[in-house]
**Student:** 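For reference, the structure I am asking about is given below.
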Number of protein chains: 2
Amino acid sequence: MLNGIKPIAAKSMAERVEASLREYFAKENFKPGDPLPTELELAAALGVSRNVVREALSRFKMLGIIETKKKTGMVISNPDIMGTFEKVLTPEIIDESTLQDLFELRLVLEMGIADLLFIHKTPQDIAELEDIVARETKGDNFRINNEIAFHGKLYQMTGNETMKRFQTLLLPVFGYVMKLENKQYVSGRTTHKDLVRILKKGTVQEFKDGMASHLQPHLDRLRQTK
Amino acid sequence: MLNGIKPIAAKSMAERVEASLREYFAKENFKPGDPLPTELELAAALGVSRNVVREALSRFKMLGIIETKKKTGMVISNPDIMGTFEKVLTPEIIDESTLQDLFELRLVLEMGIADLLFIHKTPQDIAELEDIVARETKGDNFRINNEIAFHGKLYQMTGNETMKRFQTLLLPVFGYVMKLENKQYVSGRTTHKDLVRILKKGTVQEFKDGMASHLQPHLDRLRQTK
DNA sequence: TACTTTTAATATGTAGAACATAACTACTAA
DNA sequence: TTAGTAGTTATGTTCTACATATTAAAAGTA
């Protein structure tokens, strides 16, 4: 009956100003270092108070898209995207469905980094991994730390800083989901030790199979709850 | 000479208030739906003006961590993490090194989703993929669209909404990096058609090999610029 | 002239007051 | 009981004022 009718300007001024500024940045093709108009100029151009403009600008400052200096004014800058991710990724307030998705995302990354590992691996890396594996104990408390150390090292080996940081952010999610489901950190037939051996002397294909086998319990669970 | 000396409160009030509120939310173990103190109460408690508090709150509103209603006040809510990601992921202002990292990230995801695909695939999915492949033409303009349609369908098949949205966000990055390097969308020996066939009748291992072969040109490039 | 010091101008940072507006509450009248 | 009305409250928005850092111009000195 009321299709096609939508509320007019339900959003706050700050929100709309944020959107306007986004459009403006894109249209002007701003690059890092480019100067922006002053707050008062923006306020006048948008027909809102300086206060509202500042609320919108504050958002961009948080994202790292804008930097400011007194007197000099504001300039566009490179945002730190993983830093931003960190600001929202608090497992406690994220809905379970999204947490499950992120859990899967971690598994997918884990399955997919084999090629990068074989491209970037060095003897030092292997030595470090062997060291980590050697330190593995049977104690339950240490178990998780070893998990983190081992898999974290793998991500670090990719030489991809963004991916490494992403993995670090996903760690709490992983722990949270495990806790939610009262699951333990179980490994498949293939152990960390096996994986290191393959990484040292084996082939990419063998490593992919090994990792799949290592993560099998998690994949099985997905298959069940499909 | 001046080691150990660090500037006092170099950051703005809004930034510090943001940090304080973060701590506060964590310490109080707030969950979605929980009410927050009023702006004036927060301002008084923090010893800053309501203005500054609003700038900090505006940031949380953007992230979706806080929602507000007049008179009722503010409540914690589930943030939309991919929505937030979207707000920072503008390739034009992100530094090249991060873009390269994201490019690799996409490849890693692509390599890693095989297991999820075999868990969730349905006859309808296969039929759609066959449809997409059938529509592929030799025209260069259509080539990119087919790439997007094909790989996008794969992500959608995972049933992982977060991953699908993530991939959609990475698409512009992919395009941007290709443009930067004057590269073309080249495929390896294994074509989309081959992949669909394997997905229909083959095994997970075959599919993984096929995908690796399909993405081989990109991996080769990484190997070179290692 | 060259160089240092002072002064002024300017854009952001912070504070405070005021009023608008939506929404909840309680009271009142039919 | 119910409908309507008035009052209260927390956010939304605007305006003014002043602090502060930093650049640029002006003035003074060798």
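The chains referred to below are lettered A, B, ... by the order of the sequence lines, with proteins before strands, and numbering in each begins at 1. Computed from a prediction, not measured in an experiment: that's the story for all the values here.
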**Student:** Measure from CD1 on B:Ile66 to P on D:dG12 and round the result to the nearest Å.
**Tutor:** 11 Å
**Student:** If you define the side chain from C-beta out and look only at heavy atoms, does anything of B:Leu154 sit under 4.5 Å from B:Thr158?
**Tutor:** no
**Student:** Would the base of C:dG16 count as contacting B:Asn51 through its side chain, where contact means a donor and an acceptor less than 3.5 Å apart?
**Tutor:** yes
**Student:** Take atom CD of A:Glu55 and atom P of C:dA15, then tell me their distance rounded to the nearest Å.
**Tutor:** 15 Å
**Student:** Rounded to the nearest Å, what distance is computed from the NZ atom of residue A:Lys11 to the C1' atom of nucleotide D:dT13?
**Tutor:** 19 Å
**Student:** Picking from D:dT14, C:dC24, D:dG12, which would you name as closest to the side chain of B:Thr72?
**Tutor:** C:dC24
**Student:** Among C:dA15, D:dT13, C:dT12, which nucleotide sits nearest the side chain of A:Lys70?
**Tutor:** C:dT12
**Student:** Whole angstroms only, please: what is the CE-P distance between B:Met13 and C:dG16?
**Tutor:** 12 Å
**Student:** Could you tell me the separation between the NZ atom of A:Lys61 and the C1' atom of C:dT12, rounded to a whole number of Å?
**Tutor:** 7 Å
**Student:** Is the backbone N or O of A:Lys87 less than 3.5 Å from a side-chain atom of B:Arg22, with the two atoms forming a donor-acceptor pair by type?
**Tutor:** yes
**Student:** Let's go through B:Tyr155 and B:Phe150 carefully: what are the C-alpha distance in whole Å and the side-chain angles of both, what is the deciding distance for ring pair (Phe, Tyr, Trp, His ring centres under 6.0 Å) to 0.1 Å, and is it a yes or a no?
**Tutor:** CA-CA 9 Å; B:Tyr155 282 90; B:Phe150 182 80; over 10 Å; no
**Student:** Please state how far atom CG in A:Leu40 lies from atom C1' in D:dC15, giving the value in whole angstrom units.
**Tutor:** 12 Å
**Student:** How long is the line joining CZ of A:Arg16 and P of D:dT13, in whole Å?
**Tutor:** 7 Å
**Student:** Could you state the atom-to-atom distance from CE of B:Met74 to P of D:dT9 in whole Å?
**Tutor:** 17 Å
**Student:** Between A:Lys69 and A:Gly47, just flag the one whose closest nucleotide in DNA chain D comes earlier from the 5' side.
**Tutor:** A:Gly47
**Student:** Which nucleotide in the set D:dT14, C:dA15, C:dT12 lies at the smallest distance from any side-chain heavy atom of A:Val52?
**Tutor:** D:dT14
**Student:** Quick one: is A:Thr68 getting a side-chain N or O under 4.0 Å of the C:dG13 phosphate, OP1 or OP2?
**Tutor:** yes
**Student:** Ring centroid separation for B:Phe103 and B:Tyr176, is it under 6.0 angstrom?
**Tutor:** no
**Student:** When you look at A:Phe25 and A:Phe60, which way does the ring pair (Phe, Tyr, Trp, His ring centres under 6.0 Å) test go after all the steps?
**Tutor:** CA-CA 11 Å; A:Phe25 296 165; A:Phe60 287 108; 5.3 Å; yes
**Student:** Nearest of C:dA22, C:dA15, C:dG13 to any side-chain atom of B:Lys71?
**Tutor:** C:dA22
**Student:** For B:Arg50 and C:dA15, is the shortest distance between a side-chain N/O and OP1 or OP2 below 4.0 Å?
**Tutor:** no
**Student:** Under 4.0 Å from OP1 or OP2 of C:dT12: is there any side-chain N or O of A:Arg54 that close?
**Tutor:** no
**Student:** Kindly point out which of D:dT13, C:dG13, D:dT11 is positioned nearest to the side chain of A:Glu39?
**Tutor:** C:dG13
